[in-house]
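The structure presented is a predicted model; accordingly, all values stated were derived computationally and were not measured. Letters go in sequence order (proteins before strands), and every chain restarts at 1.
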Number of protein chains: 2
Amino acid sequence: MYKVQHFQSSKSLAKSIALQPITANASSSSEALRAISYVKHFKRDQEVFGQDERSDNWYGVVSGAVREYVVRSDGRRQIIDILLPGDFFGFTLRTHRWFGVQAVADDTTLECYPRQRVEALADIDPCAAKDIRARCFQAIERLEEQMLVVGTMTAQEKVRGFLSYFCDRMAVAQDDDAPLPISRYDIADMLGISVETVCRAFTDLQERGVITLQGPRRIKIVKRDQY
Amino acid sequence: MYKVQHFQSSKSLAKSIALQPITANASSSSEALRAISYVKHFKRDQEVFGQDERSDNWYGVVSGAVREYVVRSDGRRQIIDILLPGDFFGFTLRTHRWFGVQAVADDTTLECYPRQRVEALADIDPCAAKDIRARCFQAIERLEEQMLVVGTMTAQEKVRGFLSYFCDRMAVAQDDDAPLPISRYDIADMLGISVETVCRAFTDLQERGVITLQGPRRIKIVKRDQY
DNA sequence: CGTAGTCTTGAGTATCCTCAACGAGGGTGG
DNA sequence: CCACCCTCGTTGAGGATACTCAAGACTACG
């Protein structure tokens, strides 16, 4: 990696990365927008839409979690993004999808927004349009944050970054442990590392006192600051 | 990585990933939007905005290229995204930036869109609002594509994916070689690998006949399909 | 109770990082 | 003009990291 010494940034020197929560309350929907949505429930691994399907809907996660994924020609799965409650997805200009989406958790609930009706609404209701923009911005920032996590060099850092991001999102009380609805396989396929490496990172982090595990699916970040 | 055998996707089996270009012509701006923008030129490594600065503008790349980056507390730089002509960036709900942006190329030209004026315009002009949405969608898809590249396992694949993406974006004639305004260091910091590994990947790919290099900054992809 | 899926650990190997060195090109100053 | 940086690109050697394969523990579920 490029050390900072030979690239002169005017004022922004070394900075520990700790994002503030977004100021605007973007999870509150405009009434009109909510009115044209309908709710749908999904079980674990159930497909929301598949690769190559027509992109007729936008979605918002109400509860549970979903994964955006592709399956490569060699049979390997890769996860593009994992969406948590409050996240929106399915925005596109294309007519067809190039990745699939499945529910991760068993009790996943989504809001579905028919694309054409939303577009029509946005054209006559500036408030709804503003709302959609806000959600797009959220999606962009979420992806940017994850680029930062996935783009780190070591597996340790990737896993730590992922857990840090995830626990922030879960927004549990600081002293509480968060339920982790995401499997080691999902984490591995998202970070581009092997399952075994994810496991080893978990145990390493626990041994070093960074996290605490109550069973494989309950986690608590102890040293939150040192990232 | 998760092999496809033990995860049942209903119909979407192995698929080689080759994205079609986006159908809508999203680079054409609405007149009103363009009217409130102004153009700015940047030299190599010049800052468009820095970490922690107020986020008062949105930007579109006209020519050249820019990088979104952060500098970690250990002095390492990490690149979140590289933006090429036609890309828009700076969308956010936050009042302040959490990453910096610099010009990569020497002749970089940007359109600047004052945030407040754009917001005001969007509220009264549905066409402009639609235009902004389209750009957000583009940004989301660009980031998703790059998550796919950065999230691969081997350095080879990452570099190949990056070059494939880049050459597609440059949209040169198939038989022509594309100028590469991005340094090996930038590529490394974006993909989360070392510069030396990027170099070795370049030479490997050339030896295997996948790419051709006319000097380090001119590149042509020969076997475009095998990705 | 058996089976399937998940999680974890170990051993050996491949990949990639680090450090080091060197060549090429561009800019600057003498 | 030329010597002198400095940056970028490239290659080599050695060591650290992460992958692969394998096996076992644990859980959920029929």
Output the single nucleotide from dT20(D), dT9(C), dG9(D) whose closest atom is nearest the side chain of Met153(B).
-> dT20(D)
Nearest listed nucleotide, side chain of Pro216(B), among dC16(C), dC7(C), dG9(D) | dG9(D)
Rounded interatomic separation in angstrom, taking [atom1] from [X] and [atom2] from [N]:
X: Tyr185(B); N: dT18(C); atom1: OH; atom2: P; value: 13 Å
X: Asp45(A); N: dG5(C); atom1: CG; atom2: P; value: 11 Å
X: Lys158(B); N: dT15(C); atom1: NZ; atom2: C1'; value: 12 Å
X: Leu180(B); N: dG9(D); atom1: CG; atom2: C1'; value: 12 Å
X: Asp106(A); N: dT6(C); atom1: CG; atom2: P; value: 12 Å
X: Leu213(A); N: dC7(C); atom1: CG; atom2: P; value: 11 Å
X: Ile193(B); N: dA16(D); atom1: CD1; atom2: C1'; value: 17 Å
X: Asp74(B); N: dC17(C); atom1: CG; atom2: P; value: 15 Å

Among Phe42(B), Tyr59(B), Trp98(B), Trp58(B), whose ring pair (Phe, Tyr, Trp, His ring centres under 6.0 Å) with Phe49(B) holds?
-> Tyr59(B)
When the rotation axes relating C1' atoms of four end pairs to the next four are compared across the helix from dC1(C)-dG30(D) to dG30(C)-dC1(D), five pairs an end, they differ to 10° by 30°
Is any N or O donor-acceptor pair between the side chain of [X] and the base of [N] shorter than 3.5 Å?
X: Arg200(B); N: dG12(D); value: yes
X: Glu196(B); N: dC19(C); value: yes
X: Arg184(A); N: dG5(C); value: no

Assign each of Gln156(A) and Gly215(B) the nucleotide of DNA chain D bearing its closest heavy atom; nearer the 5' end lies the nucleotide of Gly215(B)
Under-4.0 Å salt bridge between Arg115(A) and Asp56(A) | no
Side-chain ion pair, Glu141(A) and Arg97(B), N-O less than 4.0 Å = no
State, without any angle test, whether [X] and [Y] hold a side-chain donor-acceptor pair at a distance under 3.5 Å.
X: Ser63(B); Y: Thr109(B); answer: yes
X: Gln156(A); Y: Asp204(A); answer: yes
X: Thr203(A); Y: Gln206(A); answer: no

Report yes if a side-chain nitrogen or oxygen of [X] is closer than 4.0 Å to either non-bridging phosphate oxygen (OP1 or OP2) of [N]; otherwise report no.
X: Arg217(B); N: dG9(D); answer: yes
X: Arg44(B); N: dG27(C); answer: no
X: Thr203(B); N: dT11(D); answer: yes

Within 45° of the axis and under 6.0 Å from the centre of the six-membered ring of Phe91(A), does NZ or CZ of Arg135(A) qualify?
-> no
